[in-house]
Amino acid sequence: MTKRKLLFGSFALTLPLALATVLIMHPTRAKSEAAASPTEVRVDNFTFGPATLTVPVNSTVTWINKDDLPHVIASDDGVFKSKALDTDDKYSYTFSKAGTYAYYCSIHPKMVGKIIVQ
Amino acid sequence: MAKKNLLDPNANGFIEHDHNNDGIDRRGFLKCMAWAGTGALCVIEGGVLKSHALASQMGSEMKSHKMGELSFVQISDSHMGFNKPANPDVIATLQAAVDKINALPEKPEFILHTGDISHLSKPSEFDNVDQILKATNKEIFFVPGEHDVLNDEGVMFRERYGKNSKGQGWYSFDKNGVHFIGLVNVMNLKAGGLGTLGNEQLEWMEDDVKHLKSSTPIVVFAHIPLWSVYPQWGWGTDDSGQALSYLKKFGSVTVLNGHIHQTMQKVEGNITFHTAFSTAFPQPAPGQGEGPGPMKVPAEQLRSILGITDVNYVQGRHALAVVDSTLA
């Protein structure tokens, strides 16, 4: 997320403020994002990798689209839904409650995945 | 023009060994693909598909058909805004499609666009397509692809292209005695499923065709195939069987779809299914390669696997002639 924002000059000024807000509001989230890879789902070749991801409560999961076509991340029961993610776009959602969250790509519904929050 | 018969003249259809009952067998499929890039003509008479290479269309055989009672063109999957290696210039290829349409010997009365007009549902993408298609000087009927309804449940699409449509954008109209039905199967898709029409649309459709005589030729057009092309890749529509059951009484039904960026045909009883080329980029044959994404081919080959579809109806023949031609 941070890296991507830096790519956009117009965001440069607002970035420190945004970061500060994140750190103040969600100190644990900032920490878990720093740990990176275990909370990332790659959307690649019309599949989610890993298809099932297990994370601790309050984890922020980030999906990144590596396909040449857009995808939309949507939970089966409407808990979360991204906008259309074009190539290399990311979407993050923080899971504050334990449970199993089934999701799919709402425009390619054969693509399904699961986040298990413990 | 040299006559060249590219297909087995004894072949009457494509599906010869349909083990999975999914409408695809390997031999039949390869035969379909042999058509792509060469152009092919299908004439449906009495439920039997007869195939001819496009080159022979100009021959004496076709001259005996009095063409011209209704001629229209289908284009599909222009994906305006796409700029990846599979085609960095989708504007140029859509313009080439327009040139092709304008050069057709049989002037089409109108155009059907079977969806994925845009790549990311952006107003500028729709604007570009509208601008380019203006050069055809034709009325154009649209149905949405999933790329046209990405972030707003199709609100913008309907404002632009569906002013007189029902529900989420479906509608019907009549031209020269042929009844056209435009369906929407790219909304409210369910996890793990395929394309969906939904009950509201199905009920409308049942009612829409109820009053028609069984001799009325029917053309159904929608983005995702209304037959099971390759469900593993999402190339099918969950409740298409219900929709097609309403069309059993009709002698001639032609179903035109896009979405899979390649031409394919199937005949089932009174129904002929056809998918169109994209004007933007090709996708792999079903199950070939790892997934259904854009397929990169050598630049000089690209236009030989993009194209348009030209459809002719001759009254009294119960036959719609469907001709694919490439942009090459």
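Below, chains carry the letters A, B, ... as their sequence lines are ordered, and counting in each starts from 1.
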Next on the checklist: Please classify the contact of B/Leu189 with chain A as side chain, backbone, both or neither, using a heavy-atom distance under 4.5 Å.
Outcome noted: both

Checklist entry - Hey, what do you get for CG (B/Asp152) to NZ (A/Lys83), rounding to the nearest 0.5 Å? => result 8.0 Å

Checklist entry - What part of B/Ile224 lies closer than 4.5 angstrom to a heavy atom of chain A: side chain, backbone, both or neither? => result neither

Item to check | Pairs of heavy atoms under 4.5 Å with chain A: top-ranked of B/Gly291, B/Pro294, B/Pro292 | outcome: B/Pro292

Checklist entry - So which part of B/His147 gets closer than 4.5 Å to some heavy atom of chain A, the side chain, the backbone, both or neither? => result side chain

Checklist entry - Can you tell me if NZ on B/Lys84 sees more than 12 non-hydrogen neighbours from other groups inside 6.0 Å? => result yes

Checklist entry - Hey, which of B/Gly234, B/Gly289, B/Gly193 has the most heavy atom pairs under 4.5 Å with chain A? => result B/Gly193

Checklist entry - Closest heavy-atom contact between B/Lys190 and A/Pro109? => result O-CB, 3.1 Å

Checklist outcome for this item: Heavy atoms of B/Leu150 and A/Pro70 approach each other most closely as CD1-CG, 4.3 Å

Item to check | Residue selection (most heavy-atom pairs with chain B, distance under 4.5 Å) from A/Val112, A/Asp67, A/Asp68 | outcome: A/Asp68

Checklist entry - If you count heavy-atom pairs under 4.5 Å with chain B, which of A/Asp76, A/Thr47, A/Asn45, A/Val72 comes out on top? => result A/Asn45

Next on the checklist: Testing the basics here: between B/Gly293 and A/Leu69, what is the closest heavy-atom pair and its distance to 0.1 Å?
Outcome noted: CA-CD1, 4.4 Å

Checklist entry - Going from CG on B/Asp116 to CD1 on A/Ile107, what distance comes out if it is rounded to the nearest 0.5 angstrom? => result 8.5 Å

Checklist entry - How about B/Glu290: does its CD atom have over 12 heavy atoms from other parts shown lying under 6.0 Å from it? => result no

